[in-house]
Structure formats: C-alpha cells, structure tokens
S.K.: 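One structure follows; several queries about it will come next.
Keep in mind that this is a model prediction, so the values were computed, not measured. Every number for a ligand or one of its atoms is a count from 1 in the order of the listing.
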Amino acid sequence: MVNTDEFIDEKIAEIREQVGDADAVIALSGGVDSSTAAALAYEAVGDQLTPVYVDTGLMRKGETNEIRETFSYMDSLRIVDAKDRFLDALAGVTDPEEKRHVIGEQFIREFETVAEETGAEFLVQGTIYPDRIESEGTIKSHHNVGGLPEVVDFEGIVEPMRDLYKDEVREVARELDLEEIISERMPFPGPGLAVRILGEITDEKLEVAREATHVVEEELAEYDPWQAFAAVLGKATGVKGDNRVHGYVVSVRSVESRDGMTARAQEIDWETLQRIQSRITGQNDNVSRVVYDVTHKPPATIEYE
Ligand code: XMP
C-alpha cells in the first residue's frame, strides 16, 4: 500500500462502482479487519450495507457492548444474540477441528438468516492477505474465509483489503477515525474463546477464560503484544484455604508478531507475572494454577486449538 489516503479513496470508489444501488452485508466481528472493511464499505454505500454482529457467547468481556457503541453511528447495524444456540451446538464437542466446524456452521446459519432477510446481493469481507495464504495451505479451517459465499447466493464478493497486511489495515482504520479500541485491537480469532479452552466448552470454563483474559490484557498492555490472552487447560490439584481443590490450569500467553504466521513469546518480568497469577487465582475459586507459555510459533501455534 503506497498511501493510505489514496487507498481509501480508491477503495470507496471501487465499492460504489461494484455495489451500485444494491444492498450488501458484512459479518462484523469487531476485530480490526472486519471493522475496517465495514467502515470502508459504510463510507461508500451507507445504509445499503447491513453490518451483522453475531454474539456467539464466545466473546471477551464487554466486547459486545463495545461493538454496539462503536458502531452505533451505523443505523443498519444488526446484533444477533446467539449465545444459547452456540453453546447448545457445542455441548459434548471436544475435538478441536470439530469445534471449529460446529462454530463455523452455526455462524453461517445465523448470518444466512439475516442476509436473506436483507435480500443483499453483495457480501463484504474483511479478508486480508495472510488469511488467503493460510487458507490455501489449509493449516486450519478459518471460519471467516471461504465458507460464507457458498451458502448464500451472492452476486458478488467485495474484499477491499485482500492484499493488505495487518499493520496496513491498522493504518487504514486510524485514517478512517475508527476508535483506538478498534484500530489498535488485538487480533481475536473468529471461533473466539473456544480455541482457548481445551476440551468441552462449558459456561464455567468460558467465564474463567473471559475473566482471566481480561486480567492479562490489562496487565500486559504496556508490552504492546500482538496478542496476549489466557487459555483454560485441564485441571490440577491446588490448595485453597484448608482444602485441596481440583481447579483449572490457566495458561497465560503473550506474543509478538507481524502477521500471525510466526510469533515470539514475550519476555515478561516476574513481578507482572506474579500479579497476573494472583489476580486470576484470587478472582476465580476454581483456578488452582497459572502458567506462562514460553513457546514461539513455530513449533506452537498462537491459539491453543
Ligand atoms: P494460530 O493459532 O494458527 O493463529 O497461530 C494465527 C493467528 O490467526 C488467528 N486465528 C484465527 N482468526 N479465525 C480467525 O479469524 C480463526 O479460526 C482463527 N484461528 C486463529 C489467531 O488469533 C492468530 O492471530
């Protein structure tokens, strides 16, 4: 991308030309990619675009409200409360790929319902360059690439950022005056907290992952990580008060990266790690242990599933 201003003007013109008088939809996840694509497309065609935010129940603390407020200027914004349906669909599912598949399918079903209601002819997507590369290599089944166009019969797909890297997307977001909570937002995977919980997804584990991730994001902001979060592993023995407890093991992960394809675990000072440990075990009675993940990518991936 040579110049952000020019890029934006060019893309707005292109989207107007492609969409014309028709209607369009976008699945808005609140991540920087889909948010920037939505802002660009909204700039181009206004309320002809319906941004659809599906609350899967797998989101971080306060995330749905942040999205509601940030995009309240878009009159056409639709927020779908699908928490119960996602949790029902995920009950008993433990295999990582099956989890992704179930979430992807449910997501498509939710999105399809709204897309059909709007009668939209165009699908806008926040696909960026690394998404396309990873999809081609089928490293994992990305639920936000490739699946949607096949189910709803769209006349065209609009992907204004398909050649950009994440740091370029952030530049565009800043130029479009998207709030910092969006432009500087850490990448958050489509399947949400589900890929940070090993084994079956339950309300209890979700609550632990959500609260612990909130602590980690707060405490590690000064390290300016590409991503920092907490994952819920298995259970281990601990002592709370006078009792031995069988509580969750929470893994803290903080990595730096340019595009998520490779990553380095960050070196965090001991005091900060201890503060994180104490906050997480303090606020969650059912967490017995906190560990710090020192593995780079490769050999690990950033997420846990
Ligand atoms: P991994 O875990 O494969 O992740 O090292 C690389 C980057 O991709 C994000 N990620 C996803 N993003 N849908 C997404 O939109 C997904 O299914 C998905 N899985 C991983 C991950 O957060 C990291 O930034």
S.K.: Which of the atoms of ligand 1 are close to Pro191, meaning less than 4.0 Å from one of its heavy atoms?
M.R.: 13 (N), 16 (C), 17 (O)

S.K.: Is the backbone of Ala173 close enough, under 3.5 Å, to the side chain of Thr36 for a donor and an acceptor to pair up by distance?
M.R.: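 No, Thr36 side chain to Ala173 backbone: no donor-acceptor pair under 3.5 Å.
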
S.K.: Which of the listed options, Met261, Arg253, Glu303, holds the heavy atom that is closest to atom 22 (O) of ligand 1?
M.R.: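 Closest candidate by heavy-atom distance is Glu303.
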
S.K.: Just checking Tyr42 against Tyr73, ring centres under 6.0 Å apart?
M.R.: yes

S.K.: Just which atoms of ligand 1 are under 4.0 Å from any heavy atom in Arg100?
M.R.: 16 (C), 17 (O), 18 (C), 19 (N)

S.K.: Side-chain contact, heavy-atom cut-off 4.5 Å: Lys240 with Thr281?
M.R.: yes

S.K.: With no hydrogens and no angle check, just 3.5 Å: does a side-chain donor-acceptor pair link Tyr248 and Glu204?
M.R.: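 Judged by distance alone, the side chains do pair up.
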
S.K.: Would you please say whether a donor-acceptor pair under 3.5 Å links the side chains of Tyr223 and Ser254?
M.R.: no

S.K.: Which atoms of ligand 1 sit under 4.0 Å from any heavy atom of Gly190?
M.R.: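 Heavy-atom distances to Gly190 below 4.0 Å select 12 (N), 13 (N), 14 (C), 15 (O), 16 (C).
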
S.K.: Whether the Thr127 and Glu159 side chains hold a donor-acceptor pair (N or O, under 3.5 Å, no angle test) is what I'd like checked.
M.R.: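 There is such a pair between these side chains.
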
S.K.: Atoms of ligand 1 less than 4.0 Å from Gly260 heavy atoms?
M.R.: 6 (C)

S.K.: Taking only heavy atoms of Lys297 into account, list the atoms of ligand 1 that are under 4.0 Å away from them.
M.R.: 1 (P), 3 (O), 5 (O), 6 (C)

S.K.: Which of the atoms of ligand 1 are close to Trp226, meaning less than 4.0 Å from one of its heavy atoms?
M.R.: 24 (O)

